[in-house]
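In this text the structure is predicted, and so the values were computed from the model without any measurement. Hydrogens, waters and symmetry mates play no part in the numbers below; they use all other heavy atoms, side chains included.
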Amino acid sequence: MSFTITKSILILTLVFIFFQVPTFASSPHFINFRSPNLYPESLSWDRTAQHFIVGSLRHPTLLSVSDAGVINTLVSDDSIPANSSFLGITVDVVHNRILAVVHSHSQPSNSALAAYDLRSPHRRLFLSTLHDTTSTTTAPAANDVAFDFSGNAFVTNSASNFIWKVDLEGKSSVFSKSKTFTKTPGIPEMPCGLNGIVYCSKDYLIVAQSNTGNLYKVDSEDGTARKIQLNKELNSPDGIAFRRDGVLVVVSKEKLYFIKSDNSWSDGVIYDETALDAERFATSVTVGAEDRVYVLYGHVDEGIMGNSQRDEFSILEVRSEEESRGDAVWVYVLIGFGFAYFLVWRFQMRQLYTNMNKKIA
(Lines give C-alpha, C1' and ligand atoms only; values in the text may rest on other atoms or scores of the structure.)
Protein backbone atom coordinates (compact mmCIF):
# COMPACT_ATOMS: atom_id res chain seq x y z
CA MET A 1 0.00 0.00 0.00
CA SER A 2 1.44 3.37 -0.99
CA PHE A 3 2.04 6.21 1.40
CA THR A 4 -0.57 8.39 -0.34
CA ILE A 5 -3.33 5.76 -0.15
CA THR A 6 -2.59 4.98 3.49
CA LYS A 7 -2.62 8.66 4.40
CA SER A 8 -5.95 9.15 2.61
CA ILE A 9 -7.52 6.19 4.42
CA LEU A 10 -6.26 7.53 7.74
CA ILE A 11 -7.72 10.96 7.14
CA LEU A 12 -11.10 9.59 6.01
CA THR A 13 -11.28 7.23 8.99
CA LEU A 14 -10.48 9.97 11.49
CA VAL A 15 -13.04 12.30 9.89
CA PHE A 16 -15.69 9.55 10.05
CA ILE A 17 -14.94 8.91 13.72
CA PHE A 18 -15.05 12.64 14.46
CA PHE A 19 -18.59 12.94 13.11
CA GLN A 20 -19.94 9.59 14.31
CA VAL A 21 -18.73 9.47 17.92
CA PRO A 22 -20.78 12.53 18.99
CA THR A 23 -23.85 10.90 17.40
CA PHE A 24 -23.38 7.62 19.27
CA ALA A 25 -22.29 9.15 22.56
CA SER A 26 -24.66 12.12 22.69
CA SER A 27 -27.11 12.68 25.52
CA PRO A 28 -30.82 11.85 25.01
CA HIS A 29 -32.52 14.03 22.41
CA PHE A 30 -35.12 16.24 24.12
CA ILE A 31 -37.61 18.31 22.17
CA ASN A 32 -38.93 20.96 24.54
CA PHE A 33 -41.97 22.99 23.54
CA ARG A 34 -44.10 25.61 25.25
CA SER A 35 -47.87 26.04 25.33
CA PRO A 36 -49.76 27.37 28.36
CA ASN A 37 -51.60 24.59 30.23
CA LEU A 38 -51.60 22.24 27.26
CA TYR A 39 -50.99 19.01 29.21
CA PRO A 40 -50.87 16.73 26.14
CA GLU A 41 -51.87 13.12 26.80
CA SER A 42 -51.05 11.68 23.37
CA LEU A 43 -48.81 12.28 20.38
CA SER A 44 -48.49 10.93 16.85
CA TRP A 45 -45.98 11.35 14.03
CA ASP A 46 -47.08 12.88 10.73
CA ARG A 47 -44.57 11.59 8.19
CA THR A 48 -46.06 13.70 5.40
CA ALA A 49 -45.21 16.94 7.21
CA GLN A 50 -42.30 15.57 9.26
CA HIS A 51 -43.61 16.80 12.59
CA PHE A 52 -45.37 15.52 15.70
CA ILE A 53 -49.00 16.20 16.54
CA VAL A 54 -50.11 16.45 20.16
CA GLY A 55 -53.51 16.90 21.80
CA SER A 56 -54.47 18.56 25.07
CA LEU A 57 -56.03 17.43 28.32
CA ARG A 58 -57.35 20.94 28.94
CA HIS A 59 -58.46 22.21 25.51
CA PRO A 60 -59.97 20.87 22.26
CA THR A 61 -56.79 21.72 20.37
CA LEU A 62 -54.27 19.87 18.23
CA LEU A 63 -50.77 21.28 17.83
CA SER A 64 -47.88 20.37 15.56
CA VAL A 65 -44.42 20.21 17.15
CA SER A 66 -41.28 20.38 15.03
CA ASP A 67 -37.98 18.71 15.86
CA ALA A 68 -36.80 22.11 17.05
CA GLY A 69 -39.77 22.52 19.41
CA VAL A 70 -41.63 25.03 17.24
CA ILE A 71 -45.40 24.68 17.69
CA ASN A 72 -48.28 25.53 15.42
CA THR A 73 -52.01 25.27 16.12
CA LEU A 74 -53.65 22.91 13.64
CA VAL A 75 -57.09 22.53 15.23
CA SER A 76 -58.96 24.56 17.82
CA ASP A 77 -62.48 23.17 17.77
CA ASP A 78 -64.89 25.18 19.92
CA SER A 79 -67.88 23.49 18.34
CA ILE A 80 -67.45 20.18 20.18
CA PRO A 81 -69.28 19.80 23.54
CA ALA A 82 -68.27 22.26 26.23
CA ASN A 83 -65.57 21.27 28.71
CA SER A 84 -64.11 18.70 26.31
CA SER A 85 -60.55 17.90 25.32
CA PHE A 86 -58.54 15.46 23.19
CA LEU A 87 -57.03 12.29 24.62
CA GLY A 88 -55.71 9.64 22.20
CA ILE A 89 -54.78 10.84 18.71
CA THR A 90 -53.32 9.20 15.62
CA VAL A 91 -52.44 10.27 12.09
CA ASP A 92 -54.05 8.25 9.28
CA VAL A 93 -51.89 9.14 6.28
CA VAL A 94 -53.71 6.61 4.06
CA HIS A 95 -56.94 8.61 4.32
CA ASN A 96 -55.31 12.00 5.02
CA ARG A 97 -56.87 12.63 8.41
CA ILE A 98 -56.19 13.07 12.10
CA LEU A 99 -58.27 10.98 14.49
CA ALA A 100 -58.78 12.38 17.98
CA VAL A 101 -60.67 10.91 20.93
CA VAL A 102 -62.95 13.53 22.50
CA HIS A 103 -63.19 13.37 26.29
CA SER A 104 -65.93 15.22 28.16
CA HIS A 105 -64.78 16.27 31.62
CA SER A 106 -68.29 16.99 32.85
CA GLN A 107 -69.71 13.66 31.63
CA PRO A 108 -66.87 11.23 30.78
CA SER A 109 -69.21 8.45 29.65
CA ASN A 110 -70.31 10.69 26.75
CA SER A 111 -67.26 10.35 24.53
CA ALA A 112 -66.74 10.85 20.81
CA LEU A 113 -64.26 10.38 18.00
CA ALA A 114 -63.42 13.37 15.82
CA ALA A 115 -61.76 13.19 12.41
CA TYR A 116 -59.98 16.19 10.85
CA ASP A 117 -58.46 16.68 7.42
CA LEU A 118 -54.69 16.23 7.63
CA ARG A 119 -54.26 19.06 5.15
CA SER A 120 -54.79 22.70 5.98
CA PRO A 121 -57.22 24.16 7.00
CA HIS A 122 -57.86 20.86 8.83
CA ARG A 123 -61.65 20.95 8.54
CA ARG A 124 -63.59 18.47 10.63
CA LEU A 125 -64.73 15.41 8.67
CA PHE A 126 -67.04 13.97 11.33
CA LEU A 127 -67.79 13.85 15.03
CA SER A 128 -69.00 10.40 16.00
CA THR A 129 -70.65 9.92 19.39
CA LEU A 130 -69.43 6.82 21.24
CA HIS A 131 -72.28 5.45 23.32
CA ASP A 132 -71.57 3.52 26.50
CA THR A 133 -74.60 2.65 28.59
CA THR A 134 -72.54 0.68 31.12
CA SER A 135 -70.12 3.38 32.27
CA THR A 136 -70.86 5.72 35.15
CA THR A 137 -70.82 9.47 34.61
CA THR A 138 -67.64 9.81 36.68
CA ALA A 139 -65.53 7.08 35.07
CA PRO A 140 -63.19 7.71 32.13
CA ALA A 141 -64.48 6.10 28.96
CA ALA A 142 -62.95 6.51 25.48
CA ASN A 143 -59.18 6.65 25.59
CA ASP A 144 -56.98 5.70 22.63
CA VAL A 145 -57.50 5.11 18.90
CA ALA A 146 -55.99 3.10 16.05
CA PHE A 147 -57.06 2.49 12.43
CA ASP A 148 -56.81 -0.17 9.74
CA PHE A 149 -56.13 0.17 6.01
CA SER A 150 -59.84 0.29 5.20
CA GLY A 151 -60.32 3.40 7.31
CA ASN A 152 -62.01 1.75 10.28
CA ALA A 153 -61.06 3.30 13.60
CA PHE A 154 -60.89 1.33 16.84
CA VAL A 155 -61.32 3.14 20.17
CA THR A 156 -60.65 1.66 23.60
CA ASN A 157 -63.06 2.10 26.49
CA SER A 158 -61.04 2.25 29.70
CA ALA A 159 -63.98 2.18 32.11
CA SER A 160 -65.86 -0.87 30.85
CA ASN A 161 -63.10 -2.70 28.95
CA PHE A 162 -64.43 -2.89 25.43
CA ILE A 163 -63.60 -1.53 21.98
CA TRP A 164 -65.69 0.62 19.64
CA LYS A 165 -65.42 0.58 15.87
CA VAL A 166 -66.01 3.69 13.76
CA ASP A 167 -66.15 3.28 9.99
CA LEU A 168 -64.79 5.66 7.38
CA GLU A 169 -68.03 7.64 7.31
CA GLY A 170 -68.16 8.07 11.10
CA LYS A 171 -70.72 5.40 12.00
CA SER A 172 -69.88 3.89 15.40
CA SER A 173 -70.68 0.52 16.97
CA VAL A 174 -69.44 -1.67 19.79
CA PHE A 175 -66.81 -3.90 18.22
CA SER A 176 -65.51 -6.19 20.98
CA LYS A 177 -66.73 -6.96 24.48
CA SER A 178 -64.60 -10.07 24.82
CA LYS A 179 -64.77 -11.74 28.24
CA THR A 180 -61.00 -12.13 27.99
CA PHE A 181 -60.68 -8.44 28.88
CA THR A 182 -62.20 -9.02 32.34
CA LYS A 183 -60.70 -12.39 33.31
CA THR A 184 -57.73 -10.84 35.13
CA PRO A 185 -58.66 -8.85 38.27
CA GLY A 186 -57.49 -5.27 37.94
CA ILE A 187 -55.89 -3.09 40.59
CA PRO A 188 -58.86 -1.64 42.53
CA GLU A 189 -57.40 1.84 42.91
CA MET A 190 -56.67 2.08 39.17
CA PRO A 191 -59.91 2.47 37.15
CA CYS A 192 -58.13 2.66 33.80
CA GLY A 193 -58.54 -0.64 31.93
CA LEU A 194 -58.08 -1.00 28.16
CA ASN A 195 -55.80 1.79 27.03
CA GLY A 196 -53.23 1.91 24.24
CA ILE A 197 -54.14 0.27 20.94
CA VAL A 198 -52.31 -0.32 17.66
CA TYR A 199 -53.19 -2.08 14.40
CA CYS A 200 -50.97 -4.74 12.83
CA SER A 201 -51.01 -5.24 9.06
CA LYS A 202 -51.80 -8.94 9.58
CA ASP A 203 -55.39 -7.99 10.52
CA TYR A 204 -55.25 -7.87 14.26
CA LEU A 205 -54.97 -5.28 17.02
CA ILE A 206 -52.69 -5.20 20.05
CA VAL A 207 -54.29 -3.61 23.11
CA ALA A 208 -52.74 -2.72 26.48
CA GLN A 209 -54.67 -2.87 29.76
CA SER A 210 -53.30 -0.52 32.39
CA ASN A 211 -54.79 -1.94 35.60
CA THR A 212 -53.73 -5.54 34.89
CA GLY A 213 -50.52 -5.07 32.92
CA ASN A 214 -51.88 -7.35 30.18
CA LEU A 215 -51.54 -7.18 26.42
CA TYR A 216 -54.24 -8.64 24.18
CA LYS A 217 -54.30 -9.73 20.56
CA VAL A 218 -57.68 -8.86 19.03
CA ASP A 219 -58.92 -10.07 15.66
CA SER A 220 -59.80 -6.96 13.64
CA GLU A 221 -62.61 -8.77 11.82
CA ASP A 222 -64.64 -10.45 14.57
CA GLY A 223 -63.26 -8.91 17.79
CA THR A 224 -62.19 -12.20 19.39
CA ALA A 225 -59.37 -11.66 21.87
CA ARG A 226 -56.75 -13.59 23.72
CA LYS A 227 -54.12 -12.63 26.26
CA ILE A 228 -50.53 -12.42 25.02
CA GLN A 229 -48.21 -14.40 27.27
CA LEU A 230 -45.13 -12.39 28.26
CA ASN A 231 -41.89 -13.42 29.94
CA LYS A 232 -42.37 -10.75 32.62
CA GLU A 233 -45.03 -8.34 33.83
CA LEU A 234 -45.69 -4.87 32.46
CA ASN A 235 -46.21 -2.14 35.02
CA SER A 236 -49.27 -0.01 34.13
CA PRO A 237 -48.84 0.02 30.34
CA ASP A 238 -50.28 3.03 28.53
CA GLY A 239 -49.55 3.98 24.92
CA ILE A 240 -48.16 1.45 22.43
CA ALA A 241 -46.70 1.53 18.90
CA PHE A 242 -45.03 -0.73 16.35
CA ARG A 243 -41.63 -0.13 14.82
CA ARG A 244 -41.09 -1.17 11.21
CA ASP A 245 -38.97 -4.12 12.36
CA GLY A 246 -41.98 -5.54 14.23
CA VAL A 247 -40.83 -4.54 17.71
CA LEU A 248 -43.68 -3.34 19.94
CA VAL A 249 -42.85 -0.40 22.19
CA VAL A 250 -44.99 0.06 25.29
CA VAL A 251 -44.79 3.12 27.51
CA SER A 252 -45.62 3.43 31.19
CA LYS A 253 -45.01 6.23 33.64
CA GLU A 254 -41.66 4.78 34.67
CA LYS A 255 -40.43 2.64 31.76
CA LEU A 256 -40.43 2.10 28.04
CA TYR A 257 -40.61 -1.60 27.16
CA PHE A 258 -39.27 -3.21 23.97
CA ILE A 259 -41.15 -6.40 23.08
CA LYS A 260 -40.77 -8.84 20.19
CA SER A 261 -42.60 -11.95 19.06
CA ASP A 262 -41.79 -14.68 16.55
CA ASN A 263 -45.25 -16.31 16.46
CA SER A 264 -47.62 -13.47 15.49
CA TRP A 265 -48.11 -12.40 19.11
CA SER A 266 -49.35 -15.59 20.68
CA ASP A 267 -46.64 -14.68 23.17
CA GLY A 268 -43.97 -12.03 23.43
CA VAL A 269 -40.58 -11.39 24.98
CA ILE A 270 -39.71 -8.18 26.80
CA TYR A 271 -36.09 -8.05 25.71
CA ASP A 272 -35.23 -4.57 26.94
CA GLU A 273 -36.45 -1.76 29.17
CA THR A 274 -35.43 1.88 29.42
CA ALA A 275 -36.09 3.90 32.57
CA LEU A 276 -38.11 7.12 32.19
CA ASP A 277 -38.53 10.15 34.42
CA ALA A 278 -41.62 9.26 36.47
CA GLU A 279 -42.15 12.86 37.57
CA ARG A 280 -42.69 13.93 33.95
CA PHE A 281 -45.39 11.23 33.61
CA ALA A 282 -44.98 9.68 30.15
CA THR A 283 -48.30 8.55 28.63
CA SER A 284 -47.74 8.12 24.91
CA VAL A 285 -45.20 6.71 22.46
CA THR A 286 -44.83 7.05 18.70
CA VAL A 287 -42.40 5.96 16.00
CA GLY A 288 -40.99 8.75 13.89
CA ALA A 289 -38.56 9.10 11.02
CA GLU A 290 -35.92 6.38 10.60
CA ASP A 291 -37.83 4.15 13.03
CA ARG A 292 -36.88 6.35 15.98
CA VAL A 293 -38.98 5.99 19.12
CA TYR A 294 -40.31 9.02 21.01
CA VAL A 295 -42.22 9.30 24.28
CA LEU A 296 -44.34 12.23 25.42
CA TYR A 297 -43.75 13.88 28.78
CA GLY A 298 -47.09 15.64 29.20
CA HIS A 299 -47.32 15.93 33.01
CA VAL A 300 -50.94 14.78 32.81
CA ASP A 301 -51.00 13.96 36.53
CA GLU A 302 -50.82 17.71 37.11
CA GLY A 303 -53.30 18.44 34.35
CA ILE A 304 -55.92 16.14 35.84
CA MET A 305 -55.93 18.15 39.07
CA GLY A 306 -57.31 21.13 37.20
CA ASN A 307 -55.75 23.89 39.31
CA SER A 308 -52.13 23.45 38.16
CA GLN A 309 -50.26 25.73 35.77
CA ARG A 310 -47.48 24.65 33.38
CA ASP A 311 -46.08 26.00 30.13
CA GLU A 312 -43.29 23.60 29.13
CA PHE A 313 -43.60 20.01 27.96
CA SER A 314 -41.25 17.68 26.13
CA ILE A 315 -40.79 14.80 23.72
CA LEU A 316 -37.88 12.44 24.32
CA GLU A 317 -36.20 10.17 21.80
CA VAL A 318 -35.59 6.82 23.51
CA ARG A 319 -33.22 4.03 22.53
CA SER A 320 -33.16 0.63 24.14
CA GLU A 321 -30.20 -0.07 26.39
CA GLU A 322 -29.25 -2.96 24.12
CA GLU A 323 -29.08 -0.63 21.11
CA SER A 324 -27.13 1.94 23.09
CA ARG A 325 -24.59 -0.70 24.09
CA GLY A 326 -24.30 -1.69 20.45
CA ASP A 327 -23.56 1.92 19.53
CA ALA A 328 -20.86 2.08 22.20
CA VAL A 329 -19.22 -1.03 20.72
CA TRP A 330 -19.15 0.64 17.31
CA VAL A 331 -17.47 3.69 18.83
CA TYR A 332 -14.66 1.51 20.19
CA VAL A 333 -14.39 -0.37 16.89
CA LEU A 334 -14.06 2.89 14.96
CA ILE A 335 -11.50 4.23 17.39
CA GLY A 336 -9.60 0.95 17.07
CA PHE A 337 -9.56 1.17 13.30
CA GLY A 338 -8.39 4.76 13.48
CA PHE A 339 -5.57 3.87 15.84
CA ALA A 340 -4.54 0.92 13.66
CA TYR A 341 -4.37 3.13 10.58
CA PHE A 342 -2.36 5.66 12.56
CA LEU A 343 0.19 2.98 13.48
CA VAL A 344 0.44 1.87 9.84
CA TRP A 345 0.86 5.45 8.71
CA ARG A 346 3.51 6.08 11.35
CA PHE A 347 5.39 2.92 10.36
CA GLN A 348 5.36 3.87 6.69
CA MET A 349 6.55 7.38 7.52
CA ARG A 350 9.51 5.91 9.40
CA GLN A 351 10.25 3.61 6.47
CA LEU A 352 10.09 6.56 4.12
CA TYR A 353 12.54 8.61 6.20
CA THR A 354 14.86 5.61 6.52
CA ASN A 355 14.93 5.09 2.74
CA MET A 356 15.52 8.80 2.16
CA ASN A 357 18.46 8.84 4.57
CA LYS A 358 19.98 5.80 2.84
CA LYS A 359 19.75 7.53 -0.53
CA ILE A 360 21.36 10.67 0.85
CA ALA A 361 24.15 8.62 2.42
Side-chain angles (χ1 to χ4, degrees), residues 23 26-59 61-75 85-91 93 98-101 118 143-146 195-196 198 208 236-244 247-258 272-304 308 310-321 323-324:
T23 301
S26 61
S27 59
H29 177 39
F30 266 101
I31 302 171
N32 296 310
F33 60 98
R34 303 181 68 88
S35 182
N37 300 320
L38 185 70
Y39 294 104
E41 195 272 344
S42 183
L43 88 162
S44 188
W45 172 253
D46 178 5
R47 60 182 173 86
T48 62
Q50 294 290 294
H51 60 212
F52 300 96
I53 297 178
V54 298
S56 172
L57 195 66
R58 294 277 184 87
H59 317 290
T61 57
L62 297 173
L63 305 181
S64 66
V65 182
S66 74
D67 190 65
V70 178
I71 66 168
N72 183 43
T73 300
L74 304 181
V75 173
S85 59
F86 293 136
L87 293 186
I89 63 172
T90 190
V91 175
V93 294
I98 307 168
L99 298 171
V101 174
L118 187 57
N143 195 318
D144 201 9
V145 58
N195 197 333
V198 66
S236 303
D238 199 328
I240 60 179
F242 270 121
R243 295 196 316 199
R244 286 197 299 270
V247 169
L248 182 73
V249 284
V250 180
V251 72
S252 71
K253 184 177 74 170
E254 299 176 344
K255 290 183 179 180
L256 181 68
Y257 300 93
F258 295 80
D272 213 342
E273 305 171 11
T274 298
L276 301 176
D277 187 345
E279 292 186 0
R280 294 173 182 257
F281 213 100
T283 53
S284 185
V285 59
T286 193
V287 177
E290 300 177 359
D291 233 17
R292 295 177 179 175
V293 178
Y294 298 87
V295 299
L296 173 66
Y297 282 141
H299 300 270
V300 294
D301 55 333
E302 296 178 14
I304 291 172
S308 59
R310 176 179 288 274
D311 291 343
E312 188 171 87
F313 307 93
S314 56
I315 297 169
L316 171 67
E317 181 185 354
V318 182
R319 298 177 64 83
S320 74
E321 293 183 6
E323 293 166 339
S324 298

For residues D238 and A208, report the shortest heavy-atom separation together with the two atoms involved. O-CB, 3.9 Å
Between the CG atom in L256 and the CZ atom in R319, the distance rounded to the nearest 0.5 Å is 12.5 Å
Compute the ring centroids of Y297 and F313, then answer whether they are less than 6.0 Å apart. no
Closest heavy-atom pair, S308 versus G303, reported as atoms and distance to 0.1 Å, is OG-N, 3.9 Å
If you round to the nearest 0.5 Å, how far is OG of S42 from CG of N143? 8.5 Å
Does any non-hydrogen side-chain atom of L99 lie less than 4.5 Å from one of I89? no
Measuring from N195:CG to I240:CD1, what's the distance to the nearest 0.5 Å? 8.5 Å
So, do L276 and V251 sit near enough that their side-chain heavy atoms are less than 4.5 Å apart? yes
Close side-chain approach of F86 to L62, heavy-atom, < 4.5 Å: yes
Smallest separation among heavy atoms of S66 and I31, with atom names: O-CG2, 3.4 Å
Evaluate the side-chain proximity of L63 to L74: yes if any heavy-atom separation is below 4.5 Å, no if none is. no
Starting at CG of D311, measure out to CG of N37 and round the result to the nearest 0.5 Å. 6.5 Å
Kindly compute the distance separating OG (S236) from CD (E254), expressed to the nearest 0.5 Å. 8.0 Å
Side-chain contact test, heavy atoms from C-beta onward, threshold under 4.5 Å: evaluate it for L118 versus T48 and give yes or no. yes
How far does CZ of R58 sit from CD of E41, to the nearest 0.5 angstrom? 14.0 Å
Mind listing the closest non-hydrogen atom pair of T286 and W45 along with its distance? OG1-N, 3.4 Å
Side chains of V287 and R243: closer than 4.5 Å at any heavy-atom pair? yes
Sorted by first residue and then second, give each side-chain hydrogen bond (donor to acceptor under 3.5 Å, both in side chains) pair with at least one member in residues 274-283; sequence neighbours left out. D277-R280, R280-S314
When you measure from the side chain of S64 to the backbone N and O of F52, does any donor-acceptor pair fall under 3.5 Å? no
Contact between L57 and L38 at the side-chain level, heavy atoms closer than 4.5 Å - yes or no? no
Under the side-chain contact (heavy atoms from CB on, under 4.5 Å) criterion, do R47 and V93 qualify, and how do the steps go? CA-CA 8 Å; R47 60 182 173 86; V93 294; 3.2 Å; yes
For side-chain contact (heavy atoms from CB on, under 4.5 Å), just list the numbers for S252 and Y257, CA-CA rounded to whole Å, side-chain angles, deciding distance to a tenth of an Å, and then say yes or no. CA-CA 8 Å; S252 71; Y257 300 93; 3.9 Å; yes
side-chain contact (heavy atoms from CB on, under 4.5 Å) evaluation trace for E312 with F33: CA-CA 6 Å; E312 188 171 87; F33 60 98; over 6 Å; no
All heavy atoms of L296 vs all of P40, minimum pair found to be CD2-O, 3.5 Å
If the condition is salt bridge (charged side-chain N to carboxylate O under 4.0 Å, His left out), which residues does E273 pass it with, not counting sequence neighbours? K232, K255
Is any side-chain heavy atom of I53 closer than 4.5 Å to one of L43? no
Looking at every heavy atom in both Y294 and H29, which two are closest together, and how far apart are they? CE2-CD2, 4.5 Å
Step-by-step side-chain contact (heavy atoms from CB on, under 4.5 Å) determination, D301 to H299: CA-CA 5 Å; D301 55 333; H299 300 270; 4.3 Å; yes
